[in-house]
Colleague: 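Mind looking over this structure? Questions follow.
Heavy atoms only: backbone and side chains are in, while hydrogens, waters and symmetry mates are out.
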Amino acid sequence: MIKKKKPFLGMPAPLGYVPGLGRGATGFTTRSDIGPARDANDPVDDRHAPPGKRTVGDQMKKNEEDEEDLNDTNYDEFNGYAGSLFSSGPYEKDDEEADAIYAALDKRMDERRKERRELREKDEIEKYRMERPKIQQQFSDLKRKLAEVSEEDWLSIPEVGDARNKRQRNPRHEKLTPMPDSFFSKHLQSGDKNTTVDPLQGLGGLNTPYPGSMTPGTGELDMRKIGQARNTLMDMRLSQVSDSVSGQTVVDPKGYLTDLNSMIPTHGGDISDIKKARLLLKSVRETNPHHPPAWIASARLEEVTGKLQVARNLIMKGTEMCPKSEDMWLEAARLQPGDTAKAVVAQAVRHLPGSVRIYIRAAELETDGRAKKRVLRKALENVSKSVRLWKTAVELEEPEDARIMLSRAVECCPTSVELWLALARLETYENARRVLNKARENIPTDRHIWITAAKLEEANGNTQMVEKIIDRAITSLGANGVEINREQWIQDAEECDKAGSVATCQAVIRAVIGIGIEEEDCKHTWMEDSESCVSHGALECARAIYAHALQVFPSKKSVWLRAAYFEKNHGTRESLEALLQRAVAHCPKAEVLWLMGAKSKWMANDVPAARSILALAFQANPNSEEIWLAAVKLESENNEYERARRLLSKARSSAPTARVFMKSVKLEWVLGNIEAAHELCSEALKHYEDFPKLWMMRGQIEEQSENNDKARDAYNQGLKKCPHSMSLWVLLSRLEERVGQLTRARAILEKARLKNPQTPEIWLESVRLEFRAGLKNISHTLMAKALQECANSGILWAEAVFLEARPQRKTKSVDALKKCEHDPHVLLAVAKLFWSERKITKAREWFLRTVKIEPDLGDAWALFYKFELQHGTEEQQEEVRKRCENAEPRHGELWCAESKHVLNWQKKIGEILTQVAAKIKNTF
């Protein structure tokens with residue numbers, strides 16, 4: 001009987017169906033539903049629980065506290081409570097919606113950074129892979145070499161296993177007994193050598209051969225002969241392998257390793273990348289077989305991977321598919337060897353008879369000069385309009401043949417400026433003029449033809465035509481619509497200057513210097529142009545610009561000064577004096593121009609001419625202090641002391657100034673007339689008591705006479721009148737220090753710091769005073785205070801570097817450079833630091849930087865000269881000396897101590913440099 005299946009079986013339950021509800025099987029609970037039936041006061045199972053955890057209620061309370069710890073120690077001002085305050089509350093629908101919104105925001109923000117993050121991660125992974133490649137990548141080249149392994153070699157590879165012998169596997173059974181030297185010497189002397197085994201030994205060793213009875217030896221072991229025999233054997237084997245029957249070399253012993261290296265592929269990519277590239281390029285070739293770049297790229301890929309023959313086959317197939325591609329044929333010629341490349345180029349010429357690049361390549365492949373000429377001439381028959389072919393062909397010819405070819409070239413290419421100019425250079429003067437005239441007719445818009453015509457006229461002595469040609473060039477080019485570019489013309493003028501065409505250069509400058517400039521900007525622009533020309537080495541251009549500027553601005557003192565300095569640095573003495581004569585004629589009130597002229601004559605030992613110039617300067621500038629003092633210096637330097645005294649007497653009566661009185665006192669002082677100097681100084685102080693140098697001189701004169709009390713009085717009186725003179729404070733403190741009054745010297749400097757706050761010179765003297773007294777701790781403390789008050793003082797930082805111990809000097813110098821990057825004293829301190837560390841090259845660089853930034857600092861020149869005396873050549877020493885004499889430094893602590901000493905008043909700069917350098921000691 002077949003039982004009928006219920007229709008609802010296997011179907012899903014209806015919505016809201018509760019099993020057992022219809023028969024009343026609901027509404028009961030079990031112990032697992034309600035938990036353990038314990039009261040809150042019941043004890044827990046742990047008999048040894050600590051207080052507070054012994055009842056069920058205590059543990060429930062503890063769990064609630066763990067869930068929500070609202071203690072103050074768990075609260076942070078920024079993050080709040082460590083846990084969630086609402087974790088114990090119900091999770092409702094609005095909470096779910098809020099969480100969904102926050103999740104969407106987080107996802108959106110993550111997507112915004114996703115691309116950048118993925119790129120960064122990718123770069124990091126690639127960098128990591130480059131530094132630590134996989135083992136698969138490391139052994140990729142070895143895997144490639146497995147293709148060359150023969151079957152016999154493959155079968156001869158031993159199986160993986162424990163290849164060690166029994167002795168290595170069981171080291172504990174091995175026993176080594178060292179043999180004494182006597183054993184070896186005994187057997188060496190007896191000469192035991194057995195080459196055969198006695199058959200009786202196989203029977204258990206009953207009969208052993210007598211030692212030495214078989215092959216007695218000599219007992220000598222010559223290692224040198226063994227080495228010679230080994231070398232002879234190896235040479236014989238190499239010669240056997242290298243020469244075959246036909247005489248051709250099969251193996252080159254010397255170049256064998258070189259050939260092996262050349263077979264290693266030079267690419268650095270992965271093999272999988274190469275395979276992908278090969279597959280892609282194959283797809284491109286099959287999709288579009290007439291696309292030349294695909295064939296070229298495929299061939300180059302194979303070339304890079306070391307498969308040159310495959311690359312050649314590919315490129316030749318590409319030439320069949322793209323016979324009209326110039327790049328394809330050139331790539332094929334590059335890949336093929338010599339003779340094959342020539343055949344490829346010949347085939348290319350048949351397909352592309354008008355290709356200039358292919359003809360040039362064909363000429364390059366030829367090694368013989370005649371063959372090159374033949375190829376190029378054949379090319380010119382087919383492509384006569386190519387300037388490149390004509391230029392290449394002309395370069396191979398002799399001058400006469402080149403001239404003939406250029407005559408034909410300008411007919412075929414009449415618009416090529418280079419061909420016209422080349423022909424003009426090869427022709428005679430008359431023919432060159434005709435050629436250039438024809439060139440101007442064919443190309444009326446090119447400036448180079450006009451400039452070449454001007455240079456031609458100058459070279460043949462027709463300098464009067466140069467100006468006319470350049471003027472006509474400007475007019476003609478303007479008429480033909482050509483814009484006159486001032487910068488380009490100035491560059492052409494610089495090229496003419498370097499080529500020696502001075503007249504052409506000056507004519508071009510005069511013609512274009514004023515084009516396109518506003519009247520108010522002329523002076524500034526022309527000065528910049530002249531400096532640019534000087535920096536480019538075009539001195540005649542700069543001279544022409546100055547000449548034009550002086551014509552336009554004849555009364556401008558600044559232009560005359562610049563022109564004079566230019567002639568002083570780059571011209572001759574005659575050109576400088578001629579310029580200065582014109583300058584004083586136009587600017588007679590400019591004292592500096594008169595003084596430059598007089599000094600130039602004086603340096604040339606022409607004292608009468610210098611006197612006459614100063615006399616004319618007196619007429620133009622009566623009662624001028626500078627001219628009076630220059631005249632006094634001229635006479636005193638030439639030992640005309642009476643003349644100098646009379647001049648100073650006249651100057652004091654007609655133009656009495658503090659400097660005139662100071663020079664009068666100085667003259668008497670250096671000549672030894674102390675009384676006269678004292679009287680003049682007293683007279684000067686009656687009129688100019690606020691001039692500190694007079695007080696200094698008075699005190700120094702008293703110090704020289706060993707009248708310390710009078711010197712102290714002079715300094716104190718001077719400080720009352722001139723309290724802001726740093727030199728007076730320093731001189732007074734040094735006087736007290738010299739007489740042993742260290743406390744008084746310290747007090748003087750403290751008083752100076754109070755009256756002159758933020759004064760680096762006073763702080764520096766205070767630090768040095770303590771250091772000279774041996775109080776190094778106090779000097780360090782004072783230096784720290786000084787750097788706080790004068791944080792940007794170069795002299796303080798330079799001193800601070802060498803106050804430190806040697807290990808800390810470099811750190812201090814870095815701090816000094818951060819604060820005073822371009823201060824010459826700091827740069828000089830760094831140079832001395834490198835010098836003390838024997839870093840000669842770096843020290844020289846920093847010395848050069850210092851004297852370039854501040855050429856007036858005499859201390860830098862003296863230290864530099866001392867450095868070169870110890871570590872440089874004679875040429876370097878002489879160069880430093882000459883540069884110092886040209887710079888004429890006048891400042892610096894060490895420099896002024898020597899140059900202003902009364903015994904050195906007539907010495908030249910070179911002599912003072914030598915003296916200062918001699919007094920410098922390498923104590924740093």
Colleague: Any side-chain donor paired with an acceptor under 3.5 Å for Asp529 and Ser532?
Modeller: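 Side chains of Asp529 and Ser532: no pair found under 3.5 Å.
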Colleague: Go through it in stages, so that I can follow the logic: the residues are Glu458 and Thr504, the test is side-chain hydrogen bond (donor to acceptor under 3.5 Å, both in side chains), and I'd like the CA-CA distance, side-chain angles, deciding distance and then a yes or no.
Modeller: CA-CA 7 Å; Glu458 182 183 358; Thr504 306; 2.7 Å; yes
Colleague: Side chain to side chain contact (heavy atoms under 4.5 Å, CB included) for Ser283 and Leu279? Distances and angles first, verdict last.
Modeller: CA-CA 6 Å; Ser283 175; Leu279 189 63; over 6 Å; no
Colleague: For Ala454 versus Ile470, what's the shortest heavy-atom pair and its separation?
Modeller: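 Answer, listing the atom of Ala454 first, then Ile470: CB-CD1, 3.9 Å.
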Colleague: Looking at Cys533 and Ile490, what are the two nearest heavy atoms and their distance?
Modeller: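 Taking every non-hydrogen atom into account, SG-CG2, 4.4 Å.
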Colleague: Does NZ or CZ of Arg486 lie under 6.0 Å from the centre of the six-membered ring of Trp489, at an angle within 45° of the ring axis?
Modeller: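 No, Arg486 does not lie over the aromatic ring of Trp489.
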Colleague: Test Glu121 against Arg117 for side chain to side chain contact (heavy atoms under 4.5 Å, CB included), laying out the working first.
Modeller: CA-CA 6 Å; Glu121 291 174 355; Arg117 187 177 68 248; 3.6 Å; yes
Colleague: What distance separates Thr319 OG1 from Lys324 NZ, expressed to the nearest 0.5 Å?
Modeller: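 One gets 13.0 Å once the value is rounded to the nearest 0.5 Å.
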Colleague: Taking the six-membered ring of Trp450, is the NZ or CZ of Arg472 close enough (under 6.0 Å from the centre) and on axis enough (within 45°)?
Modeller: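 No.
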Colleague: What residue pairs, at least two apart or across chains, pass salt bridge (charged side-chain N to carboxylate O under 4.0 Å, His left out) with a residue in residues 497-518?
Modeller: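 Applying salt bridge (charged side-chain N to carboxylate O under 4.0 Å, His left out) to every pair that reaches into residues 497-518, excluding sequence neighbours, yields Glu467-Arg510.
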Colleague: Does some side-chain heavy atom of Lys122 sit less than 4.5 Å from a side-chain heavy atom of Glu126?
Modeller: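 They are in contact (side-chain heavy atoms under 4.5 Å apart), so the answer is yes.
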Colleague: Would you give the length of the straight line joining atom CG of Leu105 to atom NZ of Lys107, rounded to the nearest 0.5 angstrom?
Modeller: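 Here the rounded value is 12.5 Å.
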Colleague: Backbone N or O of Pro289 within a donor-acceptor pair of the Trp295 side chain at under 3.5 Å?
Modeller: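 Flag set: sc Trp295 to bb Pro289 pair under 3.5 Å.
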Colleague: Quick check: closest heavy atoms across Ala311 and Ala299, and the distance to 0.1 Å?
Modeller: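 Nearest pair, atom of Ala311 first, then Ala299: CB-O, 3.2 Å.
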Colleague: Can you run down the side-chain hydrogen bond (donor to acceptor under 3.5 Å, both in side chains) pairs that involve residues 325-339, sequence neighbours left out, and say none if there aren't any?
Modeller: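 Listed by first then second residue: Arg300-Glu331, Glu303-Arg334, Glu326-Ser355, Glu326-Arg357, Asp327-Arg357, Glu331-Arg334.
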Colleague: Surrounding CD of Glu483 (heavy atoms of other residues, nucleotides or ligands, distance under 6.0 Å), is the total greater than 12?
Modeller: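 Counting neighbours around CD of Glu483, 12 or fewer heavy atoms of other residues, nucleotides or ligands fall under 6.0 Å, so no.
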Colleague: Could you walk me through whether Glu845 and Lys842 satisfy the salt bridge (charged side-chain N to carboxylate O under 4.0 Å, His left out) test, starting with their C-alpha distance in whole Å, then the side-chain angles of each, then the deciding distance to 0.1 Å, before giving a yes or no?
Modeller: CA-CA 5 Å; Glu845 290 176 2; Lys842 285 189 176 181; over 6 Å; no
Colleague: Tell me yes or no: between the side chains of His351 and Gln347, is some donor less than 3.5 Å from an acceptor?
Modeller: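 Per modelled atom types, His351 and Gln347 side chains form no pair under 3.5 Å.
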Colleague: Tell me whether Glu151 at atom CD has more than 12 heavy atoms from other residues, nucleotides or ligands lying less than 6.0 Å away.
Modeller: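 Not buried by this count: 12 neighbours or fewer within 6.0 Å.
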Colleague: Could you state the interatomic distance from CG (Leu539) to CD (Glu494), rounded to the nearest 0.5 Å?
Modeller: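 Here the interatomic distance stands at 10.5 Å.
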Colleague: Any side-chain heavy atom of Asp492 within less than 4.5 Å of one from His448?
Modeller: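 When only atoms from C-beta onward are counted, His448 and Asp492 do touch, with a gap below 4.5 Å.
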Colleague: How long is the gap from CH2 on Trp526 to NE2 on His548, to the nearest 0.5 Å?
Modeller: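 Output value for this atom pair is 4.0 Å.
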Colleague: If we ignore hydrogens and angles and just use 3.5 Å, is the side chain of Asp110 paired with the main-chain N or O of Asp106 as donor and acceptor?
Modeller: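 Side chain of Asp110 to backbone of Asp106: no pair is present.
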Colleague: Provide the closest heavy-atom pair for Ala503 versus Thr463 in the form atom of the first, atom of the second, distance.
Modeller: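 Smallest interatomic distance, heavy atoms only, reads CB-CG2, 4.5 Å.
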Colleague: Could you list all the salt bridge (charged side-chain N to carboxylate O under 4.0 Å, His left out) pairs where at least one residue sits in residues 340-354, not counting sequence neighbours?
Modeller: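 Qualifying pairs: Lys342-Glu366.
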Colleague: Roughly how far apart are His291 NE2 and Ile296 CD1, rounded to 0.5 Å?
Modeller: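 Reported to 0.5 Å precision, the distance equals 9.0 Å.
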Colleague: Taking all non-hydrogen atoms of both residues into account, name the closest pair between Leu281 and Ser298 and its distance.
Modeller: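 Nearest pair, atom of Leu281 first, then Ser298: CB-OG, 3.3 Å.
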Colleague: With a cut-off of 6.0 Å (strictly less than), are more than 12 heavy atoms of other residues, nucleotides or ligands near NE2 of His822?
Modeller: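 Count not over threshold, so no.
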Colleague: Is there a side-chain contact between Leu308 and Glu302, using heavy atoms and a 4.5 Å cut-off?
Modeller: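 No, too far: nothing below the 4.5 Å cut-off.
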Colleague: Is there a donor-acceptor pair closer than 3.5 Å between any side-chain N or O of Asp153 and the backbone N or O of Val149?
Modeller: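 Not confirmed, Asp153 side chain does not pair with Val149 backbone.
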Colleague: Verify the neighbour count for atom CD of Glu115: are there more than 12 heavy atoms of other residues, nucleotides or ligands below 6.0 Å?
Modeller: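 No, the 6.0 Å shell around CD holds no more than 12 heavy atoms from other groups.
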Colleague: Kindly determine whether Gln488 and Val512 satisfy side chain to side chain contact (heavy atoms under 4.5 Å, CB included), including the steps that lead there.
Modeller: CA-CA 10 Å; Gln488 289 181 352; Val512 301; over 6 Å; no
Colleague: Ignoring hydrogens and geometry, is there a side-chain-to-backbone donor-acceptor pair from Tyr359 to Pro353 under 3.5 Å?
Modeller: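 Here the side-chain-to-backbone pair exists.
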Colleague: Do Arg562 and Ser530 get their side chains close enough for a donor-acceptor pair, meaning under 3.5 Å?
Modeller: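 Arg562 vs Ser530: no donor-acceptor pair found between side chains.
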Colleague: State, yes or no, whether a side-chain contact exists between Arg285 and Leu314 at a heavy-atom distance under 4.5 Å.
Modeller: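 Yes - at least one pair of side-chain heavy atoms lies under 4.5 Å apart.
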Colleague: Look at atom CD of Gln464 and say whether more than 12 heavy atoms of other residues, nucleotides or ligands are closer to it than 6.0 Å.
Modeller: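 For Gln464, atom CD is crowded (more than 12 foreign heavy atoms under 6.0 Å).
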Colleague: Any idea which heavy atoms bring Ala333 and Val344 closest together, and the distance?
Modeller: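 In terms of heavy atoms, the two residues are closest at N-CG1, 4.0 Å.
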Colleague: When rounded to the nearest 0.5 angstrom, what distance separates CG in Leu365 from CD1 in Ile360?
Modeller: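 If I round to the nearest 0.5 Å, the distance is 11.5 Å.
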Colleague: Can we say Glu364 and Arg361 salt-bridge, meaning some charged N sits less than 4.0 Å from an Asp/Glu carboxylate O?
Modeller: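 Answer for the salt bridge query: yes.
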